[in-house]
Protein chains: 2
Amino acid sequence: MGRGKIAIERIDNTTNRQVTFSKRRGGLMKKARELAILCDADLALIVFSSTGRLYDFTSSSGMEAILERYQEAKEEHSGVLNPSSENPELNS
Amino acid sequence: MGRGKIAIERIDNTTNRQVTFSKRRGGLMKKARELAILCDADLALIVFSSTGRLYDFTSSSGMEAILERYQEAKEEHSGVLNPSSENPELNS
DNA sequence: ATGCCTATCTATAAGCG
DNA sequence: TCGCTTATAGATAGGCA
């Protein structure tokens, strides 16, 4: 999106890469926030720039809660088949 | 984006919310992947739908590595001030 | 309830000051 | 090198098969 299209491959020019990182990071964070609100989703986004800087975003429940939930989901995935003791609002 | 614009607030209609979730989740994952490639960023994205389903994406280094790195970064944040032993390619 | 389509709305690549 | 601007590529809301 922009005056010209670009290929999805590493941007070699450092300045340009950092500018693009800054712009796209913002856009990604915004999209993440919108998804969380619009669809009532619980999410976490962790980003490290190529210079090693950390940026993150999480929906209301917070990083710790989401990471815990992630670990639980992974455990279920590899063992438990009927997680009936959770999801009080699992409808549809 | 779309035939009409929408407000960023929870979508009440369940069907519509799930359709939107599916579409936007895909878009978010794509953007995350593009950011990782274009800007050589290391990132992790964890998403739980409102029905409790898990979706995730990580750049090449993988979820475990990124979560470890996240914890380390957090520790540094609250103590170490000069992480000079890293970033071999920190030029700008 | 799905998947594909496209008119519109957004994000953003280049430019400009 | 740094924001702010704007033309254009890209995402997607609502439709339709």
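Proteins get letters first, then strands, A, B, ... in listed order; numbering begins at 1 in each.
Side chain A/Arg24 to base C/dT12: no donor-acceptor pair is found below 3.5 Å. If you check distances only, the side chain of B/Lys23 never reaches the base of C/dG3 with a donor-acceptor pair under 3.5 Å. Scanning atom types as modelled, one donor and one acceptor separated by under 3.5 angstrom connect the side chain of B/Arg3 and the base of C/dT6.
Using a 4.0 Å cut-off, some side-chain N or O of B/Lys31 falls inside it from OP1 or OP2 of C/dT12. Within the structure, every side-chain polar atom (N or O) of B/Thr20 is placed at least 4.0 Å from both OP1 and OP2 of D/dT12.
Atom pair B/Arg25:CZ and D/dA13:P shows a separation of 14 Å (rounding to whole Å applied). Between A/Met29 atom CE and C/dT10 atom C1' there is a gap of 19 Å when expressed in whole angstrom units. Per the geometry, CE belonging to A/Met1 stands 15 Å off C1' belonging to C/dT8, to the nearest Å. The interatomic distance linking B/Gln18 (CD) with D/dG14 (P) rounds to 16 Å, in whole Å. Across the protein-nucleic acid pair, A/Leu38 atom CG and D/dT12 atom P stand 10 Å apart, rounded to whole Å. Residue B/Lys5 contributes atom NZ, which lies 10 Å from atom P of C/dA11 at whole-angstrom precision. For the pair A/Arg33 CZ and C/dA11 C1', the interatomic distance rounds to 15 Å; values are reported in whole Å. For B/Arg17 and C/dA1, the CZ to C1' distance is 15 Å, given to the nearest whole Å.
Using a distance-only test at 3.5 Å, with no hydrogens or angles considered, a donor-acceptor pair links the side chain of A/Thr20 to the main chain of A/Asn16. In this structure, B/Ser59 contributes its side chain and B/Ala36 its backbone to no donor-acceptor pair below 3.5 Å. Side-chain N or O atoms of A/Ser49 include one that pairs as donor or acceptor with a backbone N or O of A/Arg53 at under 3.5 Å.
Both A/Val19 and B/Val19 lie near DNA chain C, and the one whose nearest nucleotide falls closer to the 5' end is B/Val19. Both A/Gly4 and B/Gly27 lie near DNA chain D, and the one whose nearest nucleotide falls closer to the 5' end is A/Gly4.
A/Phe48 carries B/Arg69 over the face of its six-membered ring, with the cationic atom under 6.0 Å from the centre and within 45° of the normal.
A salt bridge is absent between B/Asp12 and B/Arg17; no separation between the charged side-chain nitrogens and carboxylate oxygens falls under 4.0 Å.
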